[in-house]
Structures are given as structure tokens and as C-alpha cells.
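Here the structure is laid out as C-alpha cells; the discussion comes afterwards.
Worth saying up front: this structure is predicted, and the values here are computed from it rather than measured.
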Amino acid sequence: MSLWSGLKSLGLLELLVYAPEYSAELIRHRLDRFDRVHGTDTNTSVAVGDLAGIGANQQSAELYWPIRAKPFERMMAASGRDLQPYTFIDLGAGKGRALLLATDFPFQRLIGVEFSPALCEVARWNLRLFAERGRPLAAHAEIACADACSYVFPEGPLLVFLFDPFGPEVLRPVIANLVASLERVPRPCVIAYYLPMHEDLFRDAGFVPIARQRRGLHLAYPWVVLQRPVPISLDSVAARALG
Ligand SMILES: C[S@@+](CC[C@H](N)C(=O)[O-])C[C@H]1O[C@@H](n2cnc3c(N)ncnc32)[C@H](O)[C@@H]1O
């Protein structure tokens, strides 16, 4: 993708606000060696207009391009916890780069949600490649080929990752589903949001920032890590009292 076609494919808001960071990220994207090192297919970006069979929320979708390893690793470290009990969920998983990077962390389970059947196929192929190279988490990773709006969150502690996948029309119902799930079964939930264009929607739903990278002269995309305080219910107080 050329710099110009890339800039044109951004929304107007993103273009106005993030053009310097986007231009610098595009150069880093060109220099990215992940696929050359691993033999995967994750780096080539795909415009939303080139995706078929993605349903009604096409208007709200952002193009596919992958997160780089460095910011991903920084966000995981910034979550500041033992990730072993957590399920990693990438909403808008694309070709699966974030899932592949997540295999370096001790997650319980990996799930990618992506509404493009073509991108889901590429993600599965990439995961198989990682699995053959002895990464057990990749062997058991799941790709849910679905619109994030209709995704039902699994049980257990959650780390939900997003790389600016969609606009507020989709993010609102996604957050409503997530909050309903957390209220039904209270459990820890961390949000790792790269290029957090709609962070306010998470804050409005009771999520609290615990770490962030702000914009600056480094000209890298900002990110934020948030969590939702788990209410101390009578049940958990009782469970602790019982030892
Ligand atoms: C910027 S890419 C992020 C890719 C991946 N998460 C990563 O970090 O490497 C955003 C992805 O979100 C997907 N997407 C957009 N809207 C979606 C929706 N409503 N449901 C599921 N996936 C969606 C796009 O197809 C695209 O692959």
C-alpha cells in the first residue's frame, strides 16, 4: 500500500488527528521483518473494500494491517499480572499477527474474532505454521469467523486486545455484551487497546486505565491498557472466609 492510498483509506478523523504517526508507522510496517523471520503471511495490508462476505458492519470497519511486536509486548507487560489464567481474545484478528505474538505469553487459551472469511483462512494457516514449529498455544488457538457484535465471551479471566478494528457503532454493542457477561459472572477483565480511537466508550462502561503510551516525538501509535474493577461480592467474601 502506498503512503497516499494508505492515508486515503483512513477515516477523516484518524487522518486529521494521526497523520504524522500513521506515516511513521507505515515506514516501520515496510521494514517489519516478522514474516521474513517466521515464514508467515501477516504483513500485507488489506483494504476493507477488498473483503467479501463481511456483512452489515463493513462501514464501521478499519482496514487490515498488523500490530508490530514491540508495542504488543509493551502492552502485555503493562497489564502487570500473571497471564496464565487469562484467555487472550483479539477482536478483529485479521491474519492473526497478534495471536501469533500472544503465543510467546503464558495464556490459558487464544481466540481470534474476525468477520472476513478470507482473513480467517490466512490466520488459521499462520497458526498451523506456528503449531508445526512447536508452539502448543497456536495448535489450540481458535478463530471465530464472526462479526464481533455477535461474539459471546467465554468464561474465565479475559484479556481483550483490539487494534482499532471498528468504529463506535460496533464497539458499543461489543462493550455492552462484554459488560453483561462480566456482570453475570464477575471475573477479571483487561482491555489492551492499540490506537484507542474510542477509549471513552470503555471508560463510560466502567473500565479504568492502568497504563498507557501517549503520543509524542517517537511518532508511534498510542495505546492504553484498562481494567474493570471486580466487585467484591458476598460470595467471594464467603469463599475467602471458608479458606
Ligand atoms: C487493524 S486490523 C487488526 C489486526 C490484528 N488485530 C492485529 O493486530 O494484527 C483490524 C481488523 O478488524 C477486522 N474487523 C473490522 N470490523 C470487524 C467486525 N465488526 N467484526 C470482526 N472483525 C472486524 C478487520 O477485518 C481487520 O482484520
Side-chain angles (χ1 to χ4, degrees), residues 53-62 67 75-76 78-94 96 98-99 102 105 107-117 119-120 123 140-212 223-240:
I54 56 179
N57 284 321
Q58 174 163 6
Q59 292 299 327
S60 188
E62 297 292 341
I67 184 156
M75 292 171 85
M76 295 304 111
S79 72
R81 65 199 61 218
D82 172 13
L83 295 170
Q84 204 283 325
Y86 282 74
T87 294
F88 176 89
I89 304 176
D90 183 3
L91 295 177
L99 291 166
F105 295 83
F107 286 107
Q108 189 66 229
R109 201 174 157 199
L110 306 182
I111 302 174
V113 183
E114 169 58 52
F115 70 174
S116 154
L119 293 182
C120 288
H140 301 291
E142 299 149 54
I143 299 291
C145 195
D147 195 300
C149 271
S150 58
Y151 182 66
V152 179
F153 289 90
E155 290 176 5
L158 305 174
L159 190 150
V160 180
F161 171 80
L162 305 93
F163 172 5
D164 185 30
F166 30 67
E169 310 76 15
V170 173
L171 191 54
R172 270 195 203 95
V174 166
I175 293 176
N177 287 344
L178 177 59
V179 168
S181 172
L182 296 174
E183 283 176 353
R184 218 168 22 249
V185 185
R187 58 204 192 276
C189 178
V190 178
I191 306 292
Y193 193 1
Y194 185 62
L195 188 54
M197 297 298 289
H198 312 290
E199 177 188 338
D200 53 318
L201 298 184
F202 280 107
R203 286 162 166 270
D204 293 349
F207 288 86
V208 181
I210 54 171
R212 69 168 68 248
W223 51 257
V224 63
V225 177
L226 308 102
Q227 70 180 6
R228 196 158 189 274
V230 183
I232 301 176
S233 71
L234 283 177
D235 281 352
S236 62
V237 171
R240 249 178 278 139

Seminar exercise, completed: Correct closest heavy-atom pair for P117 and G53 would be CD-O, 3.8 Å

Exercise. Can you tell me how far CG of D147 sits from CG of N57, rounded to the nearest 0.5 angstrom?
Worked result: 4.5 Å

Problem set entry | Straight-line distance of I67 CD1 to D164 CG, nearest 0.5 Å | 11.5 Å

Problem set entry | Ring centroid separation F88 to F105 under 6.0 Å | no

For this session: Taking the side chain as every heavy atom from C-beta outward, state whether E199 and P209 have any pair of such atoms under 4.5 Å apart.
Result: yes

Exercise. Can you find a pair of side-chain heavy atoms, one from M76 and one from L159, that are under 4.5 Å apart?
Worked result: yes

Seminar exercise, completed: Heavy-atom nearest pair, A146 first then V113, reads O-CG1, 3.6 Å

For this session: First locate atom NE2 of H140, then atom CD of Q108, and finally report the distance between them rounded to the nearest 0.5 Å.
Result: 11.5 Å

Exercise. Are side-chain heavy atoms of F207 and V179 found at a separation under 4.5 Å?
Worked result: yes

For this session: Give a yes or no answer on whether the side chain of S60 reaches the backbone of G167 with a donor-acceptor pair at less than 3.5 Å.
Result: yes

Problem set entry | N177 side chain to C149 backbone, donor-acceptor under 3.5 Å | yes

Exercise. Is a side-chain N or O of Y194 found less than 3.5 angstrom from the main chain of F161, in a donor-acceptor match?
Worked result: no

For this session: Any chance you could measure L99, atom CG, to E142, atom CD, to the nearest 0.5 Å?
Result: 10.5 Å

For this session: Please name the pair of heavy atoms, one in V225 and one in A78, separated by the smallest distance, quoted to 0.1 Å.
Result: CG2-CB, 4.2 Å

Exercise. Do you know which two heavy atoms are closest between G112 and A93, and how far apart they sit?
Worked result: CA-CB, 3.7 Å

For this session: Examine distances only and state if a side-chain atom of E62 and a backbone atom of F166 form a donor-acceptor pair shorter than 3.5 Å.
Result: no

Exercise. Which pair of heavy atoms, one from P229 and one from G206, lies closest together, and at what distance?
Worked result: CD-O, 3.6 Å

Exercise. Are the side chains of R203 and V224 in touch, meaning some heavy atoms are under 4.5 Å apart?
Worked result: no

Seminar exercise, completed: Which of V190, L182, L178 passes side-chain contact (heavy atoms from CB on, under 4.5 Å) with R228? It is L182

For this session: Locate the shortest heavy-atom distance separating C120 from C145; write the atom from each residue and the value.
Result: SG-SG, 3.0 Å

Exercise. With a 4.5 Å heavy-atom cut-off, do R187 and S181 have their side chains touching?
Worked result: yes

Exercise. Going from CG on L158 to CD1 on I111, what distance comes out if it is rounded to the nearest 0.5 angstrom?
Worked result: 8.5 Å

Problem set entry | Donor-acceptor pair, side chain of E114 and main chain of G94, under 3.5 angstrom | yes

For this session: Find out whether L162 and V174 are in side-chain contact, i.e. whether some heavy atom of one side chain is under 4.5 Å from a heavy atom of the other.
Result: no

Exercise. Is the CD atom of Q84 crowded by more than 12 outside heavy atoms at less than 6.0 Å?
Worked result: yes

For this session: Report the relative orientation of the aromatic rings in F153 and Y151; use parallel for angles under 30°, tilted for 30 to 60°, perpendicular for over 60°.
Result: perpendicular

Exercise. Does a side-chain heavy-atom distance below 4.5 Å link P154 with I89?
Worked result: yes

